[in-house]
Asks: 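Pasting a structure here, questions to come.
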Amino acid sequence: MSQQKTSRPKARLPRGFRDRSAGEIAAERALIDTIRKVYESYGFSPLETPAFEYTDALGKFLPDVDRPNEGVFSLKDDDEQWLSLRYDLTAPLARYVAENFQNLPKPFRRYQVGPVWRNEKPGPGRFREFTQFDADTVGSASPAADAELLMMTCDALEALGLKRGEYVVKVNSRKLLDGVLESVGLSPDDFARRGIVLRAIDKLDRLDRKGVEALLGNGRKDESGDFTKGAELQLDQIERVLKFVSVSHFEPDMRTSDWGSNFKFWERDFGNTANGAAGLAELKAITGILKVCEYDAARIRLDPSIIRGLDYYTGPVFEAQLTFPVTNEAGETVVFGSVAGGGRYDDLVARFTGQQVPATGISIGVSRLLTALQSRGLTGDVEPLIVVLSMGDAAQSFAIARELRAAGLRAESYVGTKKIPDQLKYADKRGAALVVMEGEDERANGKITIKDLKRGAEVSKSVESRAEWVGARAGQETVDRGKLVEKVREMLARKG
RNA sequence: GCAGCUGUAGCUCAGUUGGUUAGAGCGCCGGAUUGUGGAUCCGGAGGUCGGUGGUUCGACCCCACCCAGCUGUACCA
């Protein structure tokens, strides 16, 4: 026996994964339904792809090694080919488009919602399995496609109950930053240093100006003593880069709701570079559309510090942020990061077909958004539950439950083996609204008893002794058997 | 990956300056109460004190290594 003990498995969740129960599921379902309605109203259609893709389709082999990248969950199929769990919904879309190219309408517009997996170290609010909700337009190079996604994101957030000013969708273009770097004298081919600069700018949210300066220069040491290598820029180069991104970050006075003045400022600064000019042209086209459609800078704002993930974005990049404070599980107020992000990726499909297919998309982080919205009381509604106690044979209580279900109510019959007090405890724990009892007494008199658990709980607060509590029969009524459904409806309505 | 902190019952945690049978609360099971959820009381089950090795007459406690978790940081397509 002691041998068996040592081999007993420990009941534990793999780290970075979560169990989710009724309340959260209902809330997520409501959130997804709301977004879905908005996306469908724009003409996007659903697509589902499997959790697994061939690792090379995801582009996730380690450089020069015949083994998948760390960061994805991978396994070898029995034909020796590597499979990986998808880490986002964009790579599977690119594969789908490449595989079905000739049959798809162009532009191809689809939305997809589902879990994605990342094999990384989890942190507070960061998991290895989470849900994303994506919308993409494939096969259009027009800034109209980008502008539409921005407007649709605003509509979705507002459909979820967010007010103007409680969120902001920020736009930038990768080409702008390339223009800045070019004008500063950093070669576009210096990928390593460019990457460090991008990452440093991406950290503006979390670090102060000094920290970002250090990362752009010689490097930075954090509180734990760990050192991060910097981009080795000269002081005047750092100055120019920070001036560009600081439009919205360090100098609130320069934050402008007038898109035009930003453009003038940037044109002077780096409009003469090829990348800079191209980026400005894109953004002007997008903002022109937004203006006419009356999505002003209170909702969608240019922000040069928006960078997003490094690799596949080729033009405009987007990020939606919440502007109100959010309380986390520990009860602390936290600055909530982005709840959606995306951008233009013109080269992804070309990986498969060799032909460039312009594409743009945005992805809502469902799990994160849910956390934020829950603190504002967005919850899914669940039909009240009625528990029928088992007081004779099971068939009897099943019959009552069936009668209630036939009337469109949500009813379950107790299928355990316990006595009445425990059955009531069970109903209580389930959060049931009502309990129905039909024992020998009732049956003999053609009656049935219905108990309102919430009202009973109220009564118990003023009850001292057990005899009194038991005798009170709190919140319950006994009526003619034939009036079951009628009475149940009445009691449910009374609560609401 | 790097750094710091933490591992004792299903959960949250006490505890021993090294000394026989390791504790509490919650939860669970049974009872007081054969058909009434709260409150209260009684009883019970549940632990190789993260693992391995060492020091010692003796280790849950001290030492070394390992493992896991947490926090920060890096990476994050």
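Each chain gets a letter, A, B and so on, in the order its sequence line appears, and its residues count up from 1. Hydrogens, waters and symmetry mates play no part in the numbers below; they use all other heavy atoms, side chains included.
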Asks: For the pair made of CG in A:Asp202 and C1' in B:C75, what is the distance, rounded to whole Å?
Replies: 12 Å
Asks: Identify, with sequence neighbours excluded, every residue that meets side-chain contact (heavy atoms from CB on, under 4.5 Å) alongside A:Ile196.
Replies: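 Once residues adjacent in sequence are excluded, the partners of A:Ile196 under the side-chain contact (heavy atoms from CB on, under 4.5 Å) criterion are A:Arg199, A:Ala231.
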Asks: Taking the P atom of each, how far is B:G46 from B:C62, in whole Å?
Replies: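 Looking at atom P only, B:G46 and B:C62 are 29 Å apart.
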Asks: State the dot-bracket string of RNA chain B. Criteria: Watson-Crick or G-U wobble, both atom distances under 3.5 angstrom; notation: ( ) intrastrand, [ ] crossing earlier pairs, | interstrand, . unpaired.
Replies: (((((((..((((.....[...)))).(((((.......))))).....(((((..]....))))))))))))....
Asks: Give a yes/no on whether any side-chain N or O of A:Arg199 is located under 4.0 angstrom from OP1 or OP2 of B:C76.
Replies: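 Yes, A:Arg199 has a side-chain N/O under 4.0 Å of OP1/OP2 on B:C76.
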Asks: For nucleotides 31-38 of chain B, give me one character per nucleotide, 5' to 3': B if any protein heavy atom sits under 4.0 Å from the base, S if the only such contacts are to the sugar-phosphate, - if neither.
Replies: S-B-BBBB
Asks: For A:Tyr111, enumerate each residue passing the ring pair (Phe, Tyr, Trp, His ring centres under 6.0 Å) test, keeping only those at least two apart in sequence or located in another chain.
Replies: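 A:Tyr111: ring pair (Phe, Tyr, Trp, His ring centres under 6.0 Å) contacts with A:Phe133.
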Asks: Quantified in whole Å, what is the C1' atom distance between nucleotide B:U71 and nucleotide B:G54?
Replies: 31 Å
Asks: Taking side-chain contact (heavy atoms from CB on, under 4.5 Å) as the test, write out the residues that go with A:Thr314, two or more places apart.
Replies: A:Arg344, A:Asp346, A:Asp347
Asks: Using the P atom in both, what is the distance from B:G47 to B:G51, to the nearest Å?
Replies: 14 Å
Asks: With rounding to the closest Å, how many angstrom separate the P atoms on B:U20 and B:A59?
Replies: 12 Å
Asks: What is the distance, to the nearest angstrom, from the CG atom on A:Asn119 to the P atom on B:G1?
Replies: 12 Å
Asks: Restricting to side-chain contact (heavy atoms from CB on, under 4.5 Å), what partner residues turn up for A:Phe127, sequence neighbours left out?
Replies: A:Arg18
Asks: What's the gap between B:C75 and B:C2 when it is taken at their P atoms, as a whole Å value?
Replies: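 About 16 Å, rounded to a whole number of Å.
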Asks: Who passes side-chain hydrogen bond (donor to acceptor under 3.5 Å, both in side chains) against A:Thr153, sequence neighbours left out?
Replies: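 Listed in chain order: nothing, the list is empty.
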Asks: Using the P atoms only, state how far B:C63 lies from B:G27, rounded to an integer number of Å.
Replies: 38 Å
Asks: With a 4.0 Å cut-off on heavy atoms, is A:Arg126 in touch with a base, just the backbone sugar-phosphate, or nothing at all?
Replies: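 Base contact.
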Asks: The criterion is side-chain hydrogen bond (donor to acceptor under 3.5 Å, both in side chains); which residues satisfy it with A:Asp422, sequence neighbours excluded?
Replies: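 Counting only residues at least two positions away or on another chain, A:Asp422 forms no side-chain hydrogen bond (donor to acceptor under 3.5 Å, both in side chains).
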Asks: On a whole-Å scale, what distance lies between the C1' atoms belonging to B:G15 and B:G72?
Replies: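 That atom pair is separated by 31 Å.
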Asks: At less than 4.0 Å, is any side-chain N or O atom of A:Arg15 found next to OP1 or OP2 of B:G69? Yes or no.
Replies: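 So the side-chain polar atoms of A:Arg15 do come within 4.0 Å of the phosphate oxygens OP1 or OP2 of B:G69, strictly under.
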Asks: Has A:Tyr312 got its ring stacked on the base of B:A77, with centres under 5.5 Å and planes less than 30° apart?
Replies: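 A:Tyr312 ring does not meet the centre or angle cut-off for B:A77; no stack.
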Asks: Round to the nearest Å and state the distance from A:Lys229 atom NZ to B:A74 atom C1'.
Replies: 14 Å
Asks: Can you tell me how far P in B:G18 sits from the matching atom in B:G58, rounded to whole Å?
Replies: 16 Å
Asks: Counting just side-chain N and O atoms, does A:Lys418 come under 4.0 Å of either OP1 or OP2 of B:C29?
Replies: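 Yes, within the criterion.
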Asks: Go through the structure and list residues passing side-chain hydrogen bond (donor to acceptor under 3.5 Å, both in side chains) with A:Glu412, not counting sequence neighbours.
Replies: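 For A:Glu412, the residues satisfying side-chain hydrogen bond (donor to acceptor under 3.5 Å, both in side chains) (neighbours in sequence not counted) are A:Tyr426, A:Arg430.
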Asks: Tell me whether the count of non-hydrogen atoms from other residues, nucleotides or ligands lying under 6.0 Å of CZ in A:Arg402 goes above 12.
Replies: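 No, because the 6.0 Å sphere around CZ of A:Arg402 holds 12 heavy atoms or fewer from other groups.
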Asks: Suppose we screen for side-chain hydrogen bond (donor to acceptor under 3.5 Å, both in side chains). Which residues come up paired with A:Glu438, at least two apart in sequence or across chains?
Replies: A:Arg481
Asks: Grab the N/O contacts between the protein and nucleotides 5-8 of chain B below 3.5 Å, and write none if there aren't any.
Replies:
none

Asks: Identify whether the distance between the nearest side-chain nitrogen and carboxylate oxygen of A:Glu28 and A:Arg20 falls below 4.0 Å.
Replies: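 Here A:Glu28 pairs with A:Arg20 in a salt bridge, since their nearest N and O are under 4.0 Å apart.
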Asks: For the residue pair A:Arg308 and A:Tyr313, would you count it as a cation-pi contact if the rule is NZ or CZ under 6.0 angstrom from the ring centre and within 45 degrees of the ring axis?
Replies: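 No - A:Arg308 does not lie over the ring of A:Tyr313 by the 6.0 Å and 45° rule.
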Asks: Starting at atom CD1 of A:Ile196, determine the distance to atom C1' of B:U73, rounded to an integer number of angstrom.
Replies: 16 Å
Asks: Could you pull out all residues at least two apart from A:Ala394 that satisfy side-chain contact (heavy atoms from CB on, under 4.5 Å)?
Replies: A:Phe398
Asks: Please classify the nucleic acid contact of A:Val459 as base, sugar-phosphate, or nothing, using heavy-atom distances under 4.0 Å.
Replies: nothing
Asks: Identify the two heavy atoms, one from A:Arg174 and one from A:Ile307, that lie closest to each other, and give their separation to 0.1 Å.
Replies: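 Looks like NH1-O, 3.4 Å.
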